[in-house]
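One structure is given here, and the rest of the page talks about it.
Labels below follow one simple rule: chain letters A, B, ... track the order of the sequence lines, proteins then strands, and each chain is numbered from 1. Only this structure's heavy atoms are used, side chains among them; waters, hydrogens and symmetry mates stay out.
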Amino acid sequence: MLQINFIRENADTVKAGLAKKHFKNIVAVDELLQLDEEKRKAQVETENNAAESNQLAKKIGELMKAGNKTEAESIKARTVELKENAKQLEERLKQLETEIFNILVTFPNLPSSVVPEGKTPEENVTVFTKGEIPVLHEGAMPHWELAAKYNIIDFELGNKITGAGFPVYKGKGARLQRALINFFLDEATKAGYHEIMPPLMINADSGFGTGQLPDKEGQMYHVTVDDLYLIPTAEVPITNLYRDVILKEEELPIKNVGYTPCFRREAGSYGAHVRGLNRLHQFDKVEIVQIAHPNQSAAGLDEMVMHVQGLLEKLELPYRILCLCGGDMSFGSAITYDFETYSAAQERWLEVSSTSNFETFQSNRMKCRYKGADGKNQLVHTLNGSALALPRIVATMLENHQTPEGIKIPKALVPYTGFDMIN
RNA sequence: GGAGAGUUGGCAGAGUGGUCGAUUGCGGCAGUCUUGAAAACUGUUGUCUGUAACAGGACCUGGGGUUCGAAUCCCUAACUCUCCGCCA
């Protein structure tokens with residue numbers, strides 16, 4: 001969430017930023033500032049009223065103690081009057097605050113200055129590409145056919161047990177999942193991340209903290225009897241660990257990693273591009289999260305990007321890195337790098353990681369701050385990235401590493417799988 | 001699920017209607033002493049809002065109420081603990 005003080009002092013910058021993100025309702029900025037003006041006036045009135053009231057109440061206390069009841073009674077008349085005023089003033093103030101909040105939560109984060117202009121995914125800028133795109137042998141198959149051929153992932157069985165988008169992993173397929181999870185966790189640990197195993201359900205406060213709520217409820221599974229949500233990503237619980245926390249400056253950066261299943265309703269997506277592992281309702285992901293000093297967050301993002309690159313290279317997958325354009329970035333992000341691996345049988349790039357700096361957007365919602373050298377509390381920056389999401393990695397591995405004899409497991413992963421070929 | 005007790009500043013823990021934003025201890029920070037450290041002693045130490053700076057306002061788990069006045073009384077929600085029941 002943007003800070004009202006910042007908007008007040010930088011209205012033009014805010015408008016330009018919102019425009020870059022292709023936010024439609026930019027006039028709301030002026031509306032907001034108007035309301036803010038009114039609210040501040042209302043606040044002064046309310047507080048002056050309260051100040052007089054407090055003063056008189058104190059005086060009544062003193063008079064009562066001194067036994068001067070008649071004078072105390074005479075003052076009471078005025079306090080009753082003030083109380084009436086207070087009720088109205090407070091109501092008005094509350095109403096203005098609500099209106100301001102309701103506008104404020106609709107504003108996305110402002111994009112960083114290096115984010116490219118653009119509206120659609122086509123306008124994302126490829127900043128790095130690495131790896132050979134494999135030439136597949138005659139009769140090569142897409143991953144869903146390979147999954148059936150080697151009996152490692154069963155989509156039909158998942159349909160029966162739960163529904164579409166909930167595959168069942170079997171035998172070497174299940175073992176491969178476990179191997180990737182452990183591999184990713186170990187690599188992150190080596191890079192200095194602290195392992196966390198968080199709850200898989202979150203409350204509404206946590207959903208608000210990282211920006212899933214309000215408005216994006218539709219993307220999460222909601223357990224209504226207990227009013228809890230299944231996590232769409234480990235980012236939510238792991239970042240919210242620091243909700244309402246004041247950190248010491250020297251504690252930063254905090255680097256956490258966690259493996260969790262992720263649950264997404266993916267309402268509204270369908271078609272050929274969701275076949276097989278391309279888009280699931282439940283999938284596994286290892287997520288890295290940093291809580292950083294504002295001065296360190298840019299370097300933190302670079303480090304995260306390099307970490308993800310290292311993973312893809314060890315898995316021997318061709319990949320490219322995109323810097324998302326303003327219009328294609330997520331709501332809360334200030335800058336996002338997407339990683340895509342090339343899926344040779346589908347002949348298309350698949351997103352396997354999204355690594356972002358949220359700057360103060362989440363920390364302002366979560367009230368996560370650090371105490372600076374000057375003793376003042378300031379908002380931290382939050383960052384997160386997938387390192388990595390499994391299904392599309394598995395999809396590309398199956399497709400790209402297939403041979404007529406079977407599917408080769410990359411060297412780095414063999415110690416984790418315990419086999420070097422799926423056949 | 002049933003019965004009871006509780007939730008106060010980083011932590012522990014006082015405070016049952018007025019001068020309490022809150023006693024005290026620990027911890028933290030600064031100083032004295034010391035070659036340095038420890039100990040001891042002294043001082044200091046919550047957050048938000050607001051102001052040029054003061055002032056002012058809000059916060060004792062959240063929400064609502066009673067009252068001129070609420071940490072304190074009432075209602076309600078959440079959470080924690082103890083006992084019983086159930087259970088991986």
Side-chain angles (χ1 to χ4, degrees), chain A residues 1-9 32-33 35-101 104-105 197-209 213-214 222-229 237 240-252 254 261 291 360 362-380:
Chain A
M1 193 158 69
L2 301 180
Q3 294 166 269
I4 184 73
N5 290 348
F6 182 83
I7 299 175
R8 197 185 299 138
E9 285 155 30
L32 183 72
L33 292 175
L35 286 168
D36 177 54
E37 191 74 36
E38 282 178 49
K39 181 232 141 188
R40 298 172 64 184
K41 262 186 216 153
Q43 187 171 348
V44 171
E45 273 183 69
T46 310
E47 288 180 0
N48 287 343
N49 192 77
E52 189 178 348
S53 200
N54 287 346
Q55 215 170 19
L56 292 181
K58 203 174 261 185
K59 199 163 186 185
I60 290 173
E62 281 164 18
L63 291 168
M64 292 294 229
K65 203 162 244 181
N68 194 342
K69 283 206 173 149
T70 45
E71 195 172 339
E73 284 302 323
S74 71
I75 295 177
K76 271 194 195 179
R78 173 64 180 152
T79 59
V80 170
E81 208 176 294
L82 289 169
K83 202 179 176 184
E84 270 311 303
N85 290 346
K87 211 173 242 176
Q88 286 177 20
L89 290 168
E90 279 165 21
E91 213 160 282
R92 165 124 182 90
L93 181 61
K94 206 179 232 178
Q95 190 196 329
L96 285 165
E97 280 171 343
T98 307
E99 284 178 47
I100 288 169
F101 177 82
L104 219 42
V105 289
M197 189 175 272
L200 305 183
M201 290 195 179
I202 48 129
N203 57 28
D205 285 345
S206 295
F208 177 79
L213 296 175
H222 186 191
V223 181
T224 51
V225 270
D226 294 305
D227 196 21
L228 295 172
Y229 298 85
N240 273 282
L241 255 25
Y242 302 93
R243 173 152 50 82
D244 293 319
V245 168
I246 297 173
L247 295 156
K248 294 195 183 103
E249 192 166 9
E250 60 269 22
E251 288 180 85
L252 303 174
I254 292 169
I291 308 290
T360 60
Q362 293 180 328
S363 61
N364 187 36
R365 290 170 157 248
M366 293 196 302
K367 297 288 167 265
C368 176
R369 293 157 295 178
Y370 71 94
K371 197 180 272 296
D374 58 357
K376 287 207 169 169
N377 292 330
Q378 296 183 54
L379 295 173
V380 299

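With a 3.5 Å ceiling on both atom-pair distances, B:G85 lacks any Watson-Crick or G-U wobble partner. Using Watson-Crick or G-U wobble geometry with both donor-acceptor distances under 3.5 Å, B:C59 finds its partner in B:G46.
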Please list, for nucleotides 64-67 of chain B, all pairs of protein and nucleotide N/O atoms separated by less than 3.5 Å.
| residue | atom | partner | partner atom | Å |
| --- | --- | --- | --- | --- |
| B:G64 | OP1 | A:K94 | NZ | 3.1 |

Check the interface with nucleotides 48-53 of chain B: list each N/O to N/O pair with the protein under 3.5 Å, or write none.
| residue | atom | partner | partner atom | Å |
| --- | --- | --- | --- | --- |
| B:C48 | OP1 | A:R369 | NH1 | 2.9 |
| B:U49 | O2' | A:Q43 | NE2 | 2.8 |
| B:U51 | OP1 | A:R40 | NH2 | 3.3 |

Identify the pairs formed between an N or O of the protein and an N or O of nucleotides 17-20 of chain B at a distance under 3.5 Å, and give each distance.
| residue | atom | partner | partner atom | Å |
| --- | --- | --- | --- | --- |
| B:G18 | N2 | A:A57 | O | 2.7 |
| B:U19 | O4 | A:K65 | NZ | 2.5 |

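If you take atom C1' in B:A14 and the same atom in B:C26, they sit 15 Å apart, rounded to whole Å. Straight-line distance between the C1' atoms of B:A22 and B:U16: roughly 15 Å, to the nearest whole Å.
Side-chain atoms of A:Q95 and A:E99 include a donor-acceptor pair closer than 3.5 Å. Looking at A:K39 and A:Q43, their side chains do bring a donor and an acceptor atom within 3.5 Å of each other. Donor-acceptor pairing under 3.5 Å is lacking for the side chains of A:T46 and A:N49.
Computed from coordinates, the A:N203 CG to B:A77 C1' distance equals 14 Å when rounded to whole Å. Rounded to whole Å, the distance from CD on A:E73 to P on B:C68 is 9 Å.
Across all strands, A:K248 comes closer than 4.0 Å to no nucleic acid atom at all (heavy-atom distances).
When the side-chain nitrogen and oxygen atoms of A:N54 are compared with OP1 and OP2 of B:G57, one or more of them lie within a distance under 4.0 Å.
Annotation: side chain of A:I202 is not in contact with side chain of A:N240 (no heavy-atom distance under 4.5 Å).
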Would A:E81 and A:R78 count as a salt bridge (charged side-chain N to carboxylate O under 4.0 Å, His left out) here? Give the steps. CA-CA 5 Å; A:E81 208 176 294; A:R78 173 64 180 152; 2.8 Å; yes
